[in-house]
Every structure is written in C-alpha cells, then in structure tokens.
Number of protein chains: 2
Amino acid sequence: MKKTTGTGDTSGTNATSGSGDIGRSLELLWGTGDRPSRGPKPGLTLDRIVATAVGIADAEGMDAVSMRRLSTELGTGTMSLYRYVPGKAELLDLMLDRVQGEPLDAVGTREPVDWRAAVESMARTHLGLLRRHPWLLKINQARTVLGPSAVRGLEVSLAGIKGMGLRDAELISVIIAVQSFVVGIARMEAESDEAAKETGLSHEDFWDGQRPYLERAMASGEFPLMAALSEDAFSTGFDHFEFGLRRLIDGFETLVAERAGE
Amino acid sequence: MKKTTGTGDTSGTNATSGSGDIGRSLELLWGTGDRPSRGPKPGLTLDRIVATAVGIADAEGMDAVSMRRLSTELGTGTMSLYRYVPGKAELLDLMLDRVQGEPLDAVGTREPVDWRAAVESMARTHLGLLRRHPWLLKINQARTVLGPSAVRGLEVSLAGIKGMGLRDAELISVIIAVQSFVVGIARMEAESDEAAKETGLSHEDFWDGQRPYLERAMASGEFPLMAALSEDAFSTGFDHFEFGLRRLIDGFETLVAERAGE
DNA sequence: CTCATCAGGGTACGCCGTACTCAATTATGT
DNA sequence: ACATAATTGAGTACGGCGTACCCTGATGAG
C-alpha cells in the first residue's frame with residue numbers, strides 16, 4: 001500500500017526528518033501545529049481535512065476516500081493536501097485517532113463501580129464506535145497505538161478493570177481479549193452489510209439465493225449435524241455479541257475468584 | 001469496490017445469468033465445471049488460477065494480487081482470466097474457500113473427545129490458518145459463508161461442541177465467539193507485522209521511536225495508571241491468545257455447568 | 001468442408017496515489 | 001516602504017489498478 005509509485009524514494013523530499021512516515025504521523029498526532037513565520041497563511045487546517053475525510057468515510061465507506069475526492073470536497077487542488085499530510089497513510093492514522101477520541105468526550109474518567117460493568121461498558125463502547133465508523137476496521141490500528149486518544153482510552157479502560165486484582169500484563173490481556181472479540185463481531189457485521197450493499201441483495205434474498213446449494217449439500221448426507229440444526233439456529237434474533245460478552249466476563253470471573261481464593 | 005468503471009453495467013455482458021455476482025460465485029464454488037462441446041480447449045484451469053493467486057498472496061500479501069500480476073505469473077494475457085472468473089471479487093471468494101479447506105484435510109471428522117479440547121483445537125486451527133494466510137483478513141468472509149469448505153468446517157466444529165448441551169443458536173454463538181476472538185487476535189498480529197514491514201522498522205525500533213512522545217505524555221500526569229504500569233506489561237513474553245482462549249473456555253464452562261445444574 | 005462456437009489477447013478508459021514544477025502570496029529584515 | 005526569502009496551492013504527468021470492448025484463431029458438430 002505504500003510503494004505504489006514504483007520509483008521508490010517515498011521519504012526523500014521531506015527535509016525535516018529522514019526517519020520516514022511513522023515519525024511524521026506521531027508529530028502530527030501530538031504536535032502543536034506551530035506555523036512557520038514566513039509565507040502566506042494556509043487556507044486549510046489539518047483538523048478540517050481529517051474531519052472531512054471522516055465524513056466521507058462515514059457516508060460512503062473507506063473506498064470513497066481518495067485524495068482527489070477529498071480535495072474536491074474541500075474545494076482545493078488535490079496536491080494541496082500534501083502540504084498538510086505527508087501521504088494517505090498518515091491521513092488514515094489521523095482519522096483513526098480522531099474518531100477514537102469520540103467516546104472519551106462523553107465518558108470522562110469517572111470512578112468505576114465494578115470491573116464487570118467496566119468491561120461491559122468497554123466492549124459496548126468499542127462496538128458502538130466500530131458500528132458508527134465501520135471503515136475503522138480497514139485501517140491498520142497497530143500504527144497508531146500511541147495517538148493521544150488511544151492513550152486516553154487505554155487509561156480509562158485500565159481504571160475500570162484495575163479492581164480485578166490481576167498482574168499488569170494480565171490486565172492488558174483482558175483488554176486485548178475484549179477488544180479482539182469486539183473487533184471480530186464488528187467485522188462480521190460490517191462485512192455482512194457491505195456484502196448486502198455491494199450485491200444489492202438483502203439479507204433474506206441472500207440466504208434464499210444460497211438455499212438451493214445448501215439444500216443439495218444437506219441432502220447429500222455429508223453434513224448430518226448441520227442438517228439437523230433447527231431452522232432458527234441462524235436466526236437474527238439471537239445476539240451473538242451479548243452471548244460472547246457474557247461468556248468472556250464469566251471467564252474473567254473464574255480467574256478473579258481463583259486468585260482471590262489463593 | 002465493485003463499480004470502479006463508472007460506466008455502470010457490471011452485469012450486462014454475462015449472458016448466462018442476469019442475477020449478478022453472488023450466484024456466479026456459488027456456481028463456481030459448488031459447480032461441476034463442465035465444458036461446452038464446441039470451441040478450443042481452455043489452456044488454464046480455475047484451480048491453477050486460484051492456486052497461483054493464493055501463492056502470490058501468501059508470498060507478497062493481498063496487494064500484490066492484481067489481475068495483471070496474476071496473468072503474468074500464469075503466462076497468459078490479463079483478460080484471459082476473465083474467461084474463468086467473472087471478476088476479481090469472485091476470485092477472492094474462491095481463494096477464501098480454497099485455503100479454508102486446508103485444515104480439514106488434516107483433521108477429518110473423527111469423534112470428539114471433549115468439547116473443551118474441541119474449542120481449543122478450533123481456535124488454534126483457525127489462528128494457524130490466519131497466520132499462514134494473513135491476507136484472509138482482508139477478504140470479506142460474509143460472502144462465502146456457503147462454500148463447500150466453509151460448510152465442512154462448520155460441520156466439524158459442530159461435531160466438537162455438540163456435547164456442551166446447548167441450544168442450536170447457542171452452539172452457533174459459541175463458534176462465533178471463538179472465531180471472533182481469534183480473528184481479532186490474528187488481526188492485531190497481522191497489522192503489527194504489516195506495519196513493521198511497511199515502515200521498515202522492527203518492533204523494538206518502533207517502540208523506541210514512540211518513547212519520547214509517550215514519556216512526555218506520562219510525565220504530564222494525565223495518565224497515572226498507564227504511568228504506573230510495570231515495564232513488562234507490554235512485553236512480548238505474554239501470550240494474549242492463550243490467556244483469552246482460557247477465559248473464553250472458562251466462560252463456556254460456567255454456562256454449561258449452570259445448565260447441567262438445573 | 002462449413003461455420004457456429006468459444007478461448008485468448010490487445011487496446012483503451014477512468015480511476016487511484018503522488019512526484020515534480022512553477023506562479024502567486026505574504027511576513028520579515030533592512 | 002521596500003526587497004527578499006519562505007511558503008502555499010494549482011497543474012501536469014506517471015505508473016499502477018480493474019475491466020469493457022473487440023478482434024483473431026482454433027475447434028469440433030453438422
């Protein structure tokens with residue numbers, strides 16, 4: 001995704017730092033944004049660019065976010081964007097950190113009542129975020145571990161589960177387990193929606209379309225257990241998120257009780 | 001991702017079926033592949049195309065899989081591929097189903113010993129698959145729920161956890177919970193690797209690069225809990241997959257015990 | 001043998017990210 | 001006040017992508 005040009009030399013023009021992209025990303029993320037003293041005032045702001053990009057992604061998905069499209073939306077030339085952002089990858093990093101800040105504004109770092117409630121809230125908040133911005137799933141999150149919003153989010157999460165009485169590495173692991181589960185669920189949902197939108201087929205039409213193939217397979221006798229499943233096993237009435245979350249919390253409970261008993 | 005041309009009319013040339021893509025995918029997935037009687041013999045096979053595409057993706061990632069690249073690898077013209085596959089999306093579906101079949105060949109549908117072992121095996125197998133083919137994470141899996149390999153995999157999974165004594169919808173939910181968790185973990189790993197490869201920075205260099213920003217944030221006093229974390233909280237020595245899997249199984253155990261007690 | 005049928009490949013179009021160039025603008029030093 | 005150095009923003013161009021369209025040949029049924 002990085003070397004699309006083929007001519008190489010992605011970080012040669014940037015005189016400020018020879019380190020590459022990630023340093024630039026961090027600088028933009030944490031940076032103060034002080035302008036140079038000489039020259040005309042910029043007609044845009046980083047904030048406006050990122051906000052607009054997020055708007056496009058929310059409305060039409062990540063694929064719609066291109067530098068040309070973004071510049072059109074902003075009423076500027078395409079290349080002007082590169083005055084503010086070194087490349088598209090860095091723009092994505094900024095988009096990521098921006099929306100990650102959303103839930104934090106509402107929550108604040110209030111005292112946690114109970115770690116179970118905290119875990120639940122963490123999962124629900126995260127899932128809500130991913131549902132609101134499904135394009136988040138298409139951005140490499142490993143890059144921006146250390147944006148301001150990510151750090152704040154981690155702090156809030158830690159505050160919630162501190163009371164579990166686990167070792168530090170285990171607390172991190174709890175967070176990772178919950179986030180992993182949530183991401184997995186969100187991914188399923190997002191992909192389902194995406195597929196529905198792309199093919200123009202609704203959920204029901206989709207399943208109806210599969211039915212003949214499925215039925216032939218079931219009739220073959222090769223899949224006895226699947227054939228024996230009741231009709232509503234795949235029904236949309238069952239909330240797989242709630243189910244999984246409950247199990248996960250129960251699992252944590254077991255560990256916490258175990259530790260307390262020793 | 002579908003309407004890249006802008007001229008519209010994505011499914012007009014195909015005389016065989018006006019239904020669109022998904023029907024065509026299923027046909028390729030389950031179909032018998034009978035050739036027409038007239039005309040020259042095809043120089044390629046669907047199998048060879050898909051296998052080559054998988055090879056490229058394994059070696060160089062999903063981005064390297066383009067129709068041009070694939071055709072070069074196969075020694076044919078680019079457009080020839082469209083004789084075998086209606087479009088790239090369908091090719092991805094086929095790639096997905098192909099690698100999903102891998103673990104099944106080894107396992108077989110032997111009698112399950114214990115549902116705990118089955119869940120563990122399910123998770124480990126899936127994680128292994130995703131580690132071997134990280135590009136799987138970039139393919140929309142919702143589309144191909146019903147490829148032959150997917151159906152077989154589901155059957156095997158069901159066989160393993162049947163003994164839990166849960167309702168059908170709950171069994172599905174168990175599978176979904178485990179797979180979601182595994183996908184989440186795999187995604188973290190893959191993104192980490194990808195970021196490392198793209199930036200050319202190793203894991204350590206990456207963290208060292210962040211350190212100044214992090215330390216400034218910690219020094220600000222805004223994040224007391226994070227600042228208080230021990231050094232090794234993020235150490236690579238802790239296996240987050242094992243931890244989460246253990247909790248998940250414990251959580252299932254709680255439910256199973258609950259049901260048995262009633 | 002004829003010819004309908006079908007495989008294969010070339011060309012072209014509209015997207016994409018972005019390197020490079022250059023005129024216009026502006027704050028500072030004199 | 002003015003000259004100057006710095007910076008902006010727009011234009012152009014390149015190499016990639018997926019794929020629509022069309023033409024060339026090979027094939028086997030009648």
Ordered by number, residues from residues 51-58 of chain B within less than 4.0 Å of DNA chain C (heavy atoms) are none

How long is the line joining [atom1] of [X] and [atom2] of [N], in whole Å?
{"X": "A:M67", "N": "D:dG11", "atom1": "CE", "atom2": "C1'", "value": "16 Å"}
{"X": "A:M62", "N": "C:dC16", "atom1": "CE", "atom2": "C1'", "value": "13 Å"}
{"X": "A:L46", "N": "D:dT8", "atom1": "CG", "atom2": "C1'", "value": "15 Å"}
{"X": "B:L81", "N": "D:dA20", "atom1": "CG", "atom2": "C1'", "value": "15 Å"}
{"X": "A:D63", "N": "C:dG17", "atom1": "CG", "atom2": "C1'", "value": "14 Å"}
{"X": "B:K88", "N": "D:dC17", "atom1": "NZ", "atom2": "P", "value": "9 Å"}
{"X": "A:I49", "N": "D:dT8", "atom1": "CD1", "atom2": "P", "value": "11 Å"}

Quiz item: Looking at side-chain heavy atoms only, is the closest gap between A:V54 and A:V99 below 4.5 Å?
Solution: yes

Under the side chain to side chain donor-acceptor pair (under 3.5 Å) test, residues paired with [X] that sit two or more places apart:
{"X": "B:H133", "answer": "B:D58, B:E102"}
{"X": "A:R68", "answer": "none"}
{"X": "A:H126", "answer": "none"}
{"X": "B:S66", "answer": "none"}

Intra- and inter-strand pairing of DNA chain D, written as dot-bracket with Watson-Crick and G-U pairs under 3.5 Å and | for the latter, reads ||||||||||||||||||||||||||||||

With sequence neighbours excluded, residues passing side-chain contact (heavy atoms from CB on, under 4.5 Å) with [X]:
{"X": "A:D47", "answer": "A:T45, A:R98"}
{"X": "A:T72", "answer": "none"}
{"X": "A:S180", "answer": "A:I176, B:F181, B:I185, B:M188"}
{"X": "A:A57", "answer": "A:M62, A:V65, A:M95, A:W135"}

All N/O pairs under 3.5 Å across the protein-nucleotides 8-12 of chain C interface:
unit_1	atom_1	unit_2	atom_2	d
C:dG8	OP1	B:G43	N	2.5
C:dG8	OP1	B:Y84	OH	3.3
C:dG8	OP2	B:Y84	OH	2.7
C:dG8	N7	B:R83	NE	3.2
C:dG8	O6	B:R83	NH2	3.3
C:dG9	OP2	B:G77	N	2.7
C:dG9	OP2	B:S80	OG	2.6

Going by atom types only, do B:Q100 and B:R152 share a side-chain donor-acceptor pair under 3.5 Å?
-> no

With sequence neighbours left out, the residues meeting salt bridge (Lys or Arg N to Asp or Glu O under 4.0 Å) with A:E73 are A:R69

